[in-house]
Structures are given as C-alpha cells and as structure tokens.
Student: 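The structure's right below; bear with me while I get my questions together.
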There are 2 protein chains.
Amino acid sequence: MSKPKKRSTRNDPRRERTRRALMDAALELMQEAHSFNAMSLREVAREAGVVPSAFYRHFDDMSALGLALAMESLEAMRAELGVIRHELTEPRLWIEESANAFERYLKEHHQSTHFLLRERYGSNPTLRQAIAQGLALQQSELSTDLARLPLAQHLDNEQIADLSALVVNTVISYAEAALATEQSTQKTALKRRLVTQLRLIFAGAPHWNAVS
Amino acid sequence: MSKPKKRSTRNDPRRERTRRALMDAALELMQEAHSFNAMSLREVAREAGVVPSAFYRHFDDMSALGLALAMESLEAMRAELGVIRHELTEPRLWIEESANAFERYLKEHHQSTHFLLRERYGSNPTLRQAIAQGLALQQSELSTDLARLPLAQHLDNEQIADLSALVVNTVISYAEAALATEQSTQKTALKRRLVTQLRLIFAGAPHWNAVS
DNA sequence: ATTAAAAGAGAACACCTGTTGACTTTAAGC
DNA sequence: GCTTAAAGTCAACAGGTGTTCTCTTTTAAT
C-alpha cells in the first residue's frame, strides 16, 4: 500500500488556548460553587468567554472536563510530593520543612487541590475513582519511602501502611481546613497544629505496641 | 383585656408525617446524588410523594430543609458520642470498644452521617458553618474528657486540643472511607486500620516531645 | 494566494427547574 | 355535625439547561 498518510494534524493555536480557558474557568467557578457537578456547561463556557456549543470541540461532556482536571491536578501533586518525600531523612527537621513545603504548594495550587478534595467524594463516580487511585498511589509511595527510615525498622508492612494512611489523612484534613478559611492567622494556627500532630505520630511509632 | 386567646394550635397529624417524608426523601436522594445542592426541590417532593408546592408548607427553602437535616443529624451524633466518651477509662480496652460502638453507629445512621460529611465542605455556607460548629463542639468535649485521663497529665491544653483534633480527623477519615465502600471485607479492614491508628496516637502521647 | 480542516457563533429544540396563585380536601376543636 | 385553619393539589409562568444543526471565521499547510 502507498501511504494512507494521515494529513499532518492541524495544530491550531486556538485549540490549546480555549481548552485551557475552559479548564481554568471550571477551577475558578469551583471556588464559588464548591461542587463540580453543581456547575453547568453553560456557566463554564460563559466564564471562559466562549459560546456553549464551542465546549464540545474540546470535551465530550462535563465529565470529561472533570476528568482532565483531575488528571492534571493529580500530576501536579504527584510531582510536588515526590520532591518533598525525597528529602525525608532526619525526622526532627523534615516534619517542619515538609509542612512548609506543603503549605507553599497549597498556596500556589489551591484551586486544583480544592477541586481534588471536593470531588474526592463528589457526585461523579469516575472522578471519585480517579482521585482515589491517585491518592492511593501517593500513600503507597510514602509507604516505601518511610520503610527506609530507621524508625520503621521494627514495623511490619501493614503497620507502615497504616502509618502512611494516618499521615496522608492528617495532611488532607489540614488541607481541607486550610482551604476552607481565609484568615491568615487561622491558617498559621492550622499549620502549627499539623506539625504538632505529625510529631505526635512519629513519636508514637517506636512505642506502637505499648498500648495494645 | 379579655383573652385574645390564640386559638389552640391545630396539630394536624399530616404535618409531622409529610415533614419527615421530605427529610427522609432528601437523605435517600443523598445516597445517589452525593450532594445536597445538586438535588432539586421537585425531586425531593417527588420522592416524598408530594406535589412540589406542598414543600413550601414545611420549609421556606431547600436551604431550610438542609439545615433541619444538619441539626437533627448533629444531635443524633452528639448523643451517641456522649455515650461512647462516657466510658473511656482504660485505653487498652476503650480504643477497640469505642471503634466498635462507632462502627455500629455508622451502620445505623449512615444516611445522616453521610449527609454531614458531604455537606461539611459543601456548597451551602450556612450548612457548612452549622456542621463545623457541631463538630467543633464534639472536639472540645473530647478534649475535656481526655484531659481527665492519666496519659494527659503531662500535656498542656494546646497539646490536648491537637490530640483531640487528630483523633476526630482520624475517625472522620475512617467514616468517609467506610461510607464510600460497600464491600464488607473492606469495611472490616478499615476498622482494623482505625483501631491501629488510634493505638499509635495514644502510644505517642507520652513521648510527644521526643522528636521536637 | 488558495484550500480546506478545524474552531467558533448563532439559533432552535425539548426539558427541567423554583415559585406563584387560586382551588379542593382534610380533620381538629368547638 | 359544623366550622375553619391548615395541608395538599393543580396549572401556569419565566428562566436556565444540555444538545444539535447549520453557518461563518480563522489559520496552518500546501
């Protein structure tokens, strides 16, 4: 056969631009609506400065938009947490430093994080599953990194997994509270609390069996 | 003046019945919709077996319905947690027993708990605030009860508050995960994890300052 | 400069929504 | 058993929604 050469793809600059505008619009509306499925396709198009029917040039569906946002947000988080986890060696130091790093991340990516945490148990099953999977991945990567630390040498795998889950839940609870307030005094109080709680958790690990 | 006696109030049996039907319908729809503001007044009325305009005989608004649900759910939770907290004396025992009690509570009140946890950071500000206040109350009551325990004698007030917050967050994370799954094998795994995590937390409390 | 694929605009559709007003029915209190 | 306030029904409205279809504009590739 001769080349059934698929005509070189168009690469119209408007494509990427409008797609981004739609995604940004959805994130923006998320700040007010607090729920993805409570926002309409028309609202998103309006906020993006585009006519409703143009939406379909980029996404099949609101669901597809949501999934794209989830993937992008999870990837940003994965990258950041990878960097943070990479420097955990001295517990004394890294708890505070990791909290600082995460605080910075939250400030810069508050829209996408807000989206992830809201839709984690939101109305869209596909979204829920994608986010759950992304967070589970983070949790398991934290497990393998914690397993290398001295303090984990006397813990079995299940204990390490439970420890990671506890850390993840604590950080998520912090993030949810921090995203829900605007007062910066309360935000610093929340971060102080996060650090204290993480210290408690890692102080307890060596004495895990004292109570049981 | 002679008695401007307000005619004795009517007390129609349909009043309470339909009101309950509306609230139950909303809780029921919550299982599918996963979000209160994503459900319409008409849906609720339909599910309750009532014409839409009859809704207004009982609530001004969907918001008012939501607030009524929140209040009722918070009260049920307050009562149950009060009983659970009342028997915390021997850490070795009460962690497991409290977890069992909470598991039972979750099974019996899963609809109202689901509602509370979903709307905690949901779209309705009034609802959010009511729920936040109710949970904060629980947290502070847990603080005063924990303060009486031997293990808390060497902790200051802020540490006790942070400890309570950690416990509350851990239990809430458990509840959210447990409500999101239907597999009973996964539910028991989640409860096992909850117990283990609580043990870690209370094992760490005496050694809190070891890391800092 | 011409071409044609892809992006965007515009209008129309059928549907569902919250809220209203005027009505009919129910049943508690006299 | 009458009375009447309150609960429930019915019909209508104005407005927002998702989606489709046709038409116009843009712009990368020839």
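Proteins come first, then strands; the chains are lettered A, B, ... in the order of their sequence lines, and each starts at number 1.
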Student: Do the ring planes of A/His109 and A/Tyr105 sit parallel (below 30°), tilted (30 to 60°) or perpendicular (above 60°)?
Tutor: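 Answer is parallel, since the angle falls under 30°.
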Student: Rounded to the Å, how far apart are A/Phe59 CZ and C/dA6 P?
Tutor: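 Those two atoms, CZ and P, are 18 Å apart.
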Student: Check this for me, if you would: do B/Glu96 and B/Arg199 make a salt bridge, where the nitrogen-to-carboxylate-oxygen distance has to be below 4.0 angstrom?
Tutor: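 Yes, charged N to carboxylate O under 4.0 Å.
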Student: Round to the nearest Å and state the distance from B/Asn11 atom CG to C/dC30 atom C1'.
Tutor: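 In whole Å, C/dC30 C1' lies 16 Å from B/Asn11 CG.
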Student: Taking only the side-chain heavy atoms of A/Val51 (C-beta and beyond), determine which of D/dT9, C/dA7, C/dG10 contains the nearest atom.
Tutor: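 Of the candidates, C/dG10 comes closest.
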Student: Ring-plane angle category for A/Phe36 and A/Phe115, please: parallel below 30°, perpendicular beyond 60°, tilted otherwise.
Tutor: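 The rings of A/Phe36 and A/Phe115 stand perpendicular, inter-plane angle above 60°.
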Student: If you measure from the Lys or Arg side-chain nitrogens to the Asp or Glu carboxylate oxygens, is any gap between A/Arg78 and A/Glu75 under 4.0 Å?
Tutor: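 Looking at A/Arg78 and A/Glu75, the cut-off is met.
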Student: Nearest heavy atom decides the nucleotide; on that basis, is B/Ser53 or B/Arg14 closer to the 5' end of DNA chain C?
Tutor: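 Residue closer to the 5' terminus by nearest nucleotide: B/Ser53.
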Student: Salt bridge check: are A/Arg118 and A/Glu176 linked by an N-O gap of less than 4.0 Å?
Tutor: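 Result for this pair is yes, salt bridge flagged.
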Student: Between A/Pro13 and B/His58, who's closer to the 5' end of DNA chain D by nearest nucleotide?
Tutor: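 Here B/His58 is the residue nearer the 5' end.
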Student: What is the distance, rounded to the nearest whole Å, between atom CG of A/Asp12 and atom P of D/dA29?
Tutor: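 These atoms are roughly 10 Å apart.
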Student: Tell me: CZ of A/Phe55 to P of D/dT20, nearest whole Å?
Tutor: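 A/Phe55 atom CZ is separated from D/dT20 atom P by 13 Å.
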Student: Which residues in residues 23-49 of chain B have a heavy atom closer than 4.0 Å to any atom of DNA chain C?
Tutor: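 Output list: B/Ser40, B/Leu41, B/Arg42, B/Glu43, B/Arg46.
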Student: Less than 4.0 angstrom from a charged side-chain N to a carboxylate O is my criterion; do B/Arg20 and B/Glu72 meet it?
Tutor: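 Looking at B/Arg20 and B/Glu72, the cut-off is met.
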Student: Is any side-chain N or O of B/Tyr56 closer than 4.0 Å to OP1 or OP2 of C/dT19?
Tutor: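 Affirmative; the distance criterion is met.
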Student: In whole angstrom, what separates B/Arg17's CZ from C/dT26's C1'?
Tutor: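 Answer to the nearest Å: 10 Å.
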Student: Could you work out which one of C/dA22, D/dC10, D/dT26 sits closest to the side chain of B/Arg57?
Tutor: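 Nucleotide nearest to B/Arg57's side chain: C/dA22.
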Student: Spell out yes or no: do the side chain of A/Thr18 and the base of C/dG8 have one donor N/O and one acceptor N/O closer than 3.5 Å?
Tutor: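 No, the side chain and the base share no sub-3.5 Å donor-acceptor pair.
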Student: Given atom CG of A/Leu22 and atom C1' of C/dA7, what is their separation to the nearest angstrom?
Tutor: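 So the CG-C1' distance, A/Leu22 to C/dA7, works out to 12 Å.
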Student: Just distance, no hydrogens or angles: give the donor-acceptor pairs under 3.5 Å from side chains in residues 125-138 of chain A, sequence neighbours left out.
Tutor:
{"residue": "A/Arg128", "atom": "NH1", "partner": "A/Gly122", "partner atom": "O", "Å": "2.7"}
{"residue": "A/Arg128", "atom": "NH1", "partner": "B/His34", "partner atom": "ND1", "Å": "3.4"}

